[in-house]
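Quick note: numbers below take in every heavy atom, side chains included, and nothing from hydrogens, waters or symmetry partners. A, B, ... follow the sequence lines: proteins, then strands. Residue 1 opens every chain.
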There are 2 protein chains.
Amino acid sequence: MAYRRTDNVAARLADNRRAILNAARDLVSEGGFAAAQMTEVARKAGVATGTLYRYFPSKEELCRQVFREVSAREMNVLASIAAGKASAATRLTEVLYTFAGRAVRGRRLAYALLAEPVDVGLAEERARFRRMHGDIFAGILADGVAAGEFPPLDVRIAAACIAGAIPTALIGPLAPESHELEEKGERVIEEIVRFCLAGVEGAGAKTIGDMRRSA
Amino acid sequence: MAYRRTDNVAARLADNRRAILNAARDLVSEGGFAAAQMTEVARKAGVATGTLYRYFPSKEELCRQVFREVSAREMNVLASIAAGKASAATRLTEVLYTFAGRAVRGRRLAYALLAEPVDVGLAEERARFRRMHGDIFAGILADGVAAGEFPPLDVRIAAACIAGAIPTALIGPLAPESHELEEKGERVIEEIVRFCLAGVEGAGAKTIGDMRRSA
DNA sequence: GGAGGTACTGAACCACGGTTCAGATCGAAT
DNA sequence: ATTCGATCTGAACCGTGGTTCAGTACCTCC
């Protein structure tokens, strides 16, 4: 009488779900989220349009899921560096190089995650992503301050500055068409990292506010 | 026989154009570009929907125009500081404080210009806006390097870092609902400026790339 | 004042792309 | 083999909001 969900079927369902997510992910990493239209995703996943809605309640939810999976991979890479036991300065340097380097090597995907115009739902997801970057940076900074490696500073704000500086400085070069980075990529990355490290380490002077107030 | 466009009429046309732009601008500074729907703009400007299309070929063009006008005002403020004859360090400090300060005081508008999710057309305009910021920062930095006030650095990249760090660090607080900044605004701004100045001034060490290569 | 052109109106139109759903298909249980 | 629910299909549907355009009012000039 009743109907039991066989392992076989369960597996096929899982496969479908994966196929859909993979199709969406592939489209995104080729043409950004703009290219992830439901019809296209379905075609590429080898299912009918309607089927998508048996696995995801809406396009927004599907895209969010893709965003989370892709960004989680990035975050894990950074998090494992951050969790290492090298000095804070070393870990920070490593994290910055890795962040920037991966963005450059995966231009298209990085553009989709960081800069492509997206609708509010994804913008929310992107904000979360940025916040996670901030958390990682802030963690390292806090270690460094505690260990006396860095001068005292507001780690949350400094972390946010870093999280903003890197993508923006890469964006021109990050744009989907630009091949600029293939040549001077390393050069650019080094300069960006340099700026961020200096921003952290040169926190000594309390003179700025004063300088200004007396201006 | 022929028809001549009287001064009277010309004035009325100009008035209409202004009324439309003003209506759009007001809507944007209240609810972001999302709130600038053609029907609303027309209503607020006191004209019919169709009339909008006698003055602007499309919504995109209208919005771009609004964006340009609003951002031009900001740019002028910064540009006039940058053109001053104080030391580069002073001018940079002034510009950063002004940029961040104005963003904080005009939260909603700043959000629309810098962070609100928008479609590709406006994103393009926003990129231009960022680039102009970069140009201003870069100009000051170049002066400073030439004068020996700052260590040698790639001014374009450093400028891009600054242009990215400020908005991102303000964004959480900049979000339309957040009132966080009303209290700690000054505090946050000082820390951001500090970070950027340090990033510029602490450019001495050529050690970073080396440190990494030997890691 | 009327001829000939310009400007304005706003309801109807339309494109786009996400979403639905009645019917076909498939798998499990008997 | 048959039943029955779960799953899949894809063409049709629909909401949104920008855009159009036939009709009207308005100017200018003679």
Undergrad: May I have the distance from B:Asp119 (atom CG) to C:dC16 (atom C1'), rounded to whole angstrom?
TA: 14 Å
Undergrad: Keeping the roles fixed (side chain from B:Arg128, backbone from B:Arg68), state whether a donor-acceptor pair exists under 3.5 Å.
TA: no
Undergrad: Please indicate whether A:Met75 has more than 12 foreign heavy atoms, meaning atoms of other residues, nucleotides or ligands, lying under 6.0 Å from its CE.
TA: yes
Undergrad: Just the rounded figure in Å: distance from P of D:dC27 to CZ of B:Arg12.
TA: 6 Å
Undergrad: Reckon B:Asn16 has a side-chain N or O less than 4.0 Å from the OP1 or OP2 of C:dA7?
TA: no
Undergrad: Between C1' on C:dG10 and CZ on B:Arg54, what's the gap in Å once rounded to a whole number?
TA: 15 Å
Undergrad: Just checking, any donor-acceptor pair under 3.5 angstrom between side chains of B:Asn76 and B:Arg73?
TA: no
Undergrad: Identify whether any heavy atom of A:Leu13 sits under 4.0 Å from a base atom; if not, whether one sits that close to sugar-phosphate; answer base, sugar-phosphate or nothing.
TA: sugar-phosphate
Undergrad: Between D:dT9 and A:Thr51, is there an OP1 or OP2 to side-chain N/O distance shorter than 4.0 Å?
TA: yes
Undergrad: Base, sugar-phosphate, or nothing for B:Ser58, non-hydrogen atoms under 4.0 angstrom?
TA: sugar-phosphate
Undergrad: In whole angstroms, how far is the C1' atom of C:dT9 from the OH atom of B:Tyr53?
TA: 14 Å
Undergrad: Could you check whether any side-chain heavy atom of A:Ile162 comes within less than 4.5 Å of a side-chain heavy atom of B:Phe195, counting everything from C-beta outward?
TA: yes
Undergrad: Give B:Tyr55 one of three labels, base, sugar-phosphate or nothing, depending on what nucleic acid heavy atoms sit under 4.0 Å from its own.
TA: sugar-phosphate
Undergrad: Nearest to the side chain of A:Ala48 - D:dG18, D:dT9, C:dC8?
TA: D:dT9
Undergrad: Can you confirm whether more than 12 heavy atoms, excluding those of B:Arg18, are under 6.0 Å from its CZ atom?
TA: yes
Undergrad: Grab the CD-P distance between A:Gln37 and C:dC16 for me, whole Å please.
TA: 11 Å
Undergrad: In whole angstrom, what separates B:Lys59's NZ from D:dG17's C1'?
TA: 8 Å
Undergrad: Could you tell me the separation between the CE atom of B:Met38 and the P atom of D:dG17, rounded to a whole number of Å?
TA: 14 Å
Undergrad: Tell me which nucleotide among C:dT19, C:dA11, C:dT9 gets nearest to the side chain of A:Thr49.
TA: C:dT19
Undergrad: Given atom CD of A:Glu40 and atom C1' of D:dG10, what is their separation to the nearest angstrom?
TA: 15 Å
